[in-house]
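Here's the structure we're looking at; comments come further down.
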Amino acid sequence: LLMPTERDKQAEKERVTKISGFRVGYHDLLAEIDLPALKARNDRWEAEHTHMTREERKQDELYRMVAYIGGGKAAGHIAIHIHAAHACGATKEEIYQLIKKVAPWASGPESYQTALEAWRLVFMPDFPTVFRIVELTEDSFPAA
């Protein structure tokens with residue numbers, strides 16, 4: 001059994017970015033611990049995405065975004081598909097309107113906030129996370 005070289009790992013990581021338009025830590029970890037799994041993922045993505053038009057890829061990414069919002073996925077996971085949809089022509093306003101439409105059908109306020117965090121990560125990365133406590137007071141509670 002041949003052990004993958006650093007060159008093999010780097011080549012497969014570069015392939016992720018080239019065919020996906022993004023690469024996350026998950027891909028880098030797979031390169032280190034299970035390069036055949038990363039190669040299989042890349043082969044699948046190449047087969048599914050290489051022949052898509054820009055419009056088809058945009059729609060595919062918007063579908064993924066909607067599914068991941070509904071599935072309660074992490075903001076970072078949703079964000080990579082927002083990025084890809086935007087790179088294929090979806091406007092930030094169009095993406096926001098879609099989030100507003102689908103998040104209430106998912107699991108309510110949590111889905112909407114997570115989806116907004118994903119949108120923020122892509123379009124307003126310098127704005128603080130939505131998952132922060134901005135202010136805590138005690139003056140709005142009934143008196144003891």
**OP:** Identify the residue among Arg41, Glu46, His27 that makes a side chain to side chain donor-acceptor pair (under 3.5 Å) with Ser20.
**Re:**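 Testing Ser20 for a side chain to side chain donor-acceptor pair (under 3.5 Å) against Arg41, Glu46, His27 leaves exactly one candidate, Arg41.
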How far apart are the closest heavy atoms of [X] and [Y], and which atoms are they?
{"X": "Val122", "Y": "Ala79", "result": "CG2-O, 3.3 Å"}
{"X": "Ala106", "Y": "Gly70", "result": "CB-CA, 3.7 Å"}
{"X": "Ala115", "Y": "Ile69", "result": "CB-CD1, 3.7 Å"}
{"X": "Glu32", "Y": "Glu6", "result": "OE2-OE1, 4.1 Å"}
{"X": "Leu121", "Y": "Pro125", "result": "O-CB, 3.6 Å"}
{"X": "Ala85", "Y": "Ile95", "result": "CB-CD1, 4.5 Å"}

Subject >> Sidechain N-carboxylate O distance under 4.0 Å for Glu48, Arg64 >> reply: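 Yes, charged N to carboxylate O under 4.0 Å.
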Subject >> SB check Arg57 Glu61 (cutoff 4.0 Å) >> reply: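 Salt bridge: yes.
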Atom [atom1] of [X] with >12 non-hydrogen neighbours under 6.0 angstrom:
{"X": "Phe22", "atom1": "CZ", "answer": "yes"}
{"X": "Lys13", "atom1": "NZ", "answer": "yes"}
{"X": "Lys9", "atom1": "NZ", "answer": "yes"}
{"X": "Tyr26", "atom1": "OH", "answer": "no"}

**OP:** For the pair Trp45 and His81, name the ring-plane relationship: parallel under 30°, tilted 30 to 60°, perpendicular over 60°.
**Re:**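 Parallel: the ring planes of Trp45 and His81 meet at under 30°.
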**OP:** Answer yes if Ile99 and Trp105 sit in the same cluster of Ile, Leu, Val, Met, Phe, Trp and Tyr residues linked by side chain heavy atoms under 4.5 Å apart, and no otherwise.
**Re:**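 Result: yes, single cluster for both.
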Original post:
Yes or no on side chain to side chain contact (heavy atoms under 4.5 Å, CB included) for Lys58 and Glu94, after CA distance, side-chain angles and deciding distance?
Top reply: CA-CA 12 Å; Lys58 177 181 93 171; Glu94 175 184 11; 3.9 Å; yes
Subject >> side chain to side chain contact (heavy atoms under 4.5 Å, CB included) evaluation trace for Thr91 with Tyr96 >> reply: CA-CA 9 Å; Thr91 67; Tyr96 175 66; over 6 Å; no
**OP:** Sequence neighbours left out, what passes side-chain contact (heavy atoms from CB on, under 4.5 Å) with Phe127? Give chain and number order.
**Re:** Arg120, Met124, Arg132
**OP:** With sequence neighbours left out, write down each residue that passes side-chain contact (heavy atoms from CB on, under 4.5 Å) with Asn42, or none if nothing qualifies.
**Re:**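 side-chain contact (heavy atoms from CB on, under 4.5 Å) check on Asn42 returns Glu12, Arg15, Val16, Ile19, Leu38.
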Distance check, rounded to the nearest 0.5 Å: [X] atom [atom1] versus [Y] atom [atom2]?
{"X": "Lys100", "Y": "Leu116", "atom1": "NZ", "atom2": "CG", "result": "9.5 Å"}
{"X": "Ile82", "Y": "Met65", "atom1": "CD1", "atom2": "CE", "result": "5.5 Å"}
{"X": "Asp28", "Y": "Gln10", "atom1": "CG", "atom2": "CD", "result": "8.0 Å"}
{"X": "Leu62", "Y": "Cys88", "atom1": "CG", "atom2": "SG", "result": "9.0 Å"}

**OP:** Check ring-ring contact (aromatic ring centres under 6.0 Å, His included) between Phe123 and all other residues, then give those that pass, not counting sequence neighbours.
**Re:** His86, Trp119
**OP:** Say whether, by atom type as modelled, one donor and one acceptor occur between the side chain of Glu117 and the main chain of Ala75 under 3.5 angstrom.
**Re:** no
